[in-house]
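Please read the structure below before turning to the comments.
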Amino acid sequence: NADLALYQAKERGRDCYYFFTEELNTKALKLLHIEQELRHALQMDEFSLVYQPQVCLKTGSISSIEALIRWNHPERGLVAPDEFISIAEETGLIVQIGEWVLKNACMQTQMLQQLTGQSIKVAVNLSSRQFSDPNLEQVIADVIEETDLNPKYLEIEVTESMLMNNIDKVIEQLNRIKSTGSTITIDDFGSGYSSLSYLKRLPVDILKVDREFVRDIPEDLNDMEITSAIIAIAHKLNLKVIAEGVENIDQRDFLVINKCDYAQGYYFSKPLTFEDLYRFFTAEQLKSA
Ligand code: C2E
Ligand code: MG
Ligand code: MG
Ligand code: MG
């Protein structure tokens with residue numbers, strides 16, 4: 001609350017007042033600057049996507065890839081999404097950036113399917129602003145039409161926290177997304193506080209166990225209990241489950257034993273450029289040939 005901060009600062013005296021206004025100005029200016037940079041980035045094509053394989057634990061094959069955005073900043077180099085997505089969200093630019101991501105992810109996946117002859121799915125992250133956009137269904141439908149990707153290969157990832165609003169509205173929006181033919185994954189599952197009765201009502205397809213619970217397996221007994229419980233709940237609700245942040249073989253083995261369906265993490269592969277992904281797929285094909 002900026003006004004309140006200013007008021008309190010004024011009460012405390014002149015120096016404080018200057019201190020606070022300057023800080024607020026600096027923050028506003030910085031935001032404005034990054035906003036201009038992001039706008040510029042869209043025009044200049046500075047964004048790119050990397051893709052992280054998601055592996056089916058039953059067969060060991062890649063079932064899906066998650067599209068993750070990168071910003072190739074002319075001076076700062078490769079910028080990670082954690083550094084700019086929230087600003088894009090605050091300024092509203094996320095809507096345009098999100099559309100760019102959706103379109104390019106679908107286009108490249110369609111291309112990868114053509115090149116490899118394999119039915120690979122693609123997972124695309126939505127921000128909360130995109131999720132509350134009444135036009136979202138149309139945006140997705142247009143991209144599907146334009147890129148010619150069969151929508152059954154498109155997985156929309158929403159985080160658990162985005163769903164903890166008016167449940168009827170949330171269900172409505174999820175159904176609109178699903179009406180395009182795509183499926184829905186709840187990302188970072190377990191990091192929010194949705195109740196089981198709430199979860200039961202949501203028209204979703206996959207739960208993605210938050211990295212937080214996977215990280216300390218097999219040292220942390222609680223995390224192992226939580227992870228195996230989430231897997232069991234998902235299956236009881238007829239959902240598939242994927243674990244993210246799998247970094248070592250112990251974690252993979254634990255997930256296999258507990259019947260987790262899919263896994264994603266550095267143990268299998270880091271996010272790859274489209275080029276490297278293509279090479280990865282052709283190498284796999286050669287190995288299994
Ligand atoms: P997320 O959707 O949960 O994506 C997983 C993140 O974990 C990615 O970070 C990925 O590189 C990282 N990761 C994968 N495997 C491992 C592992 O084994 N260990 C560890 N420590 N980390 C691993 P990234 O690419 O930096 O993305 C961070 C977040 O930014 C994403 O979290 C997602 O919430 C957001 N994001 C990324 N791309 C987009 C996008 O196109 N649109 C929106 N709205 N958000 C995006
Ligand atoms: Mg994700
Ligand atoms: Mg995640
Ligand atoms: Mg996460």
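We count ligands from 1, going down the list as the structure has it; atoms in each ligand are counted the same way.
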[X]: numbered ligand 1 atoms lying under 4.0 Å from its heavy atoms:
{"X": "Glu247", "answer": "17 (C), 18 (O), 19 (N), 20 (C), 21 (N)"}
{"X": "Pro271", "answer": "11 (O)"}
{"X": "Ser127", "answer": "44 (N)"}
{"X": "Val246", "answer": "18 (O)"}
{"X": "Asp188", "answer": "3 (O)"}
{"X": "Asp187", "answer": "1 (P), 2 (O), 3 (O)"}
{"X": "Gln52", "answer": "14 (C), 15 (N)"}

Q: Check whether any N or O atom of Pro81, backbone or side chain, sits under 3.5 Å from an N or O atom of ligand 1, and answer yes or no.
A: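 No; the residue has no nitrogen or oxygen that sits under 3.5 Å from a nitrogen or oxygen of the ligand.
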(Q) When you compare ligand 1 with Asn125, is there at least one nitrogen or oxygen pair between them that comes in under 3.5 angstrom? (A) yes
Heavy-atom distances under 4.0 Å decide this one: backbone, side chain, both or neither, for [X] against ligand 1?
{"X": "Lys270", "answer": "neither"}
{"X": "Glu244", "answer": "side chain"}
{"X": "Arg70", "answer": "side chain"}
{"X": "Val101", "answer": "side chain"}
{"X": "Arg211", "answer": "side chain"}
{"X": "Glu66", "answer": "side chain"}

Q.
Would you call the rings of Tyr51 and Phe274 parallel, tilted or perpendicular, taking 30° and 60° as the class edges?
A. perpendicular
Q. Parallel, tilted or perpendicular: which describes the rings of Trp71 and Phe84, with under 30° parallel and over 60° perpendicular?
A. perpendicular
Going by an N to O cut-off under 4.0 Å, is there a salt bridge joining [X] and [Y]?
{"X": "Glu35", "Y": "Arg39", "value": "yes"}
{"X": "Arg211", "Y": "Asp188", "value": "no"}
{"X": "Arg215", "Y": "Asp210", "value": "no"}
{"X": "Lys208", "Y": "Glu66", "value": "yes"}
{"X": "Glu37", "Y": "Lys30", "value": "no"}

Q | Distance-minimising heavy-atom pair for Ser127 and Met162 | A |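 So the minimum-distance heavy-atom pair works out to O-CE, 3.7 Å.
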(Q) Nearest N/O/S atom of Glu66 with respect to the Mg ion (ligand 2), by atom name, please. (A) OE2
Q) In Asp187, the N, O or S atom nearest to the Mg ion (ligand 2) is which? A)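 Result: OD2.
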Q: May I ask whether Gly245 places a heavy atom under 4.0 Å from ligand 1?
A: yes
Q) Does Ser128 offer a backbone N or O that forms a donor-acceptor pair with the side chain of Ser132 under 3.5 Å? A)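 Yes, the answer is positive, given that a donor and an acceptor are paired below the 3.5 Å cut-off.
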Q) Hey, does the side chain of Thr147 reach the backbone of Met107 with a donor-acceptor pair shorter than 3.5 angstrom? A) no
(Q) Do Gln264 and Val55 have side chains that approach each other closer than 4.5 Å (heavy atoms only, starting at C-beta)? (A)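 When only atoms from C-beta onward are counted, Val55 and Gln264 do not touch, as no gap falls below 4.5 Å.
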Q) Of all the atoms in Glu157, is at least one N, O or S atom closer to the Mg ion (ligand 2) than 2.8 Å? A) yes
Q. Does Asn125 bring an N, O or S atom to within less than 2.8 Å of the Mg ion (ligand 2)?
A.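 Here the distance criterion (N, O or S atom, under 2.8 Å) is met by Asn125, so yes.
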Q | Criterion salt bridge (charged side-chain N to carboxylate O under 4.0 Å, His left out) on Lys103 and Glu99, from CA distance to verdict | A | CA-CA 6 Å; Lys103 189 171 151 185; Glu99 255 184 77; over 6 Å; no
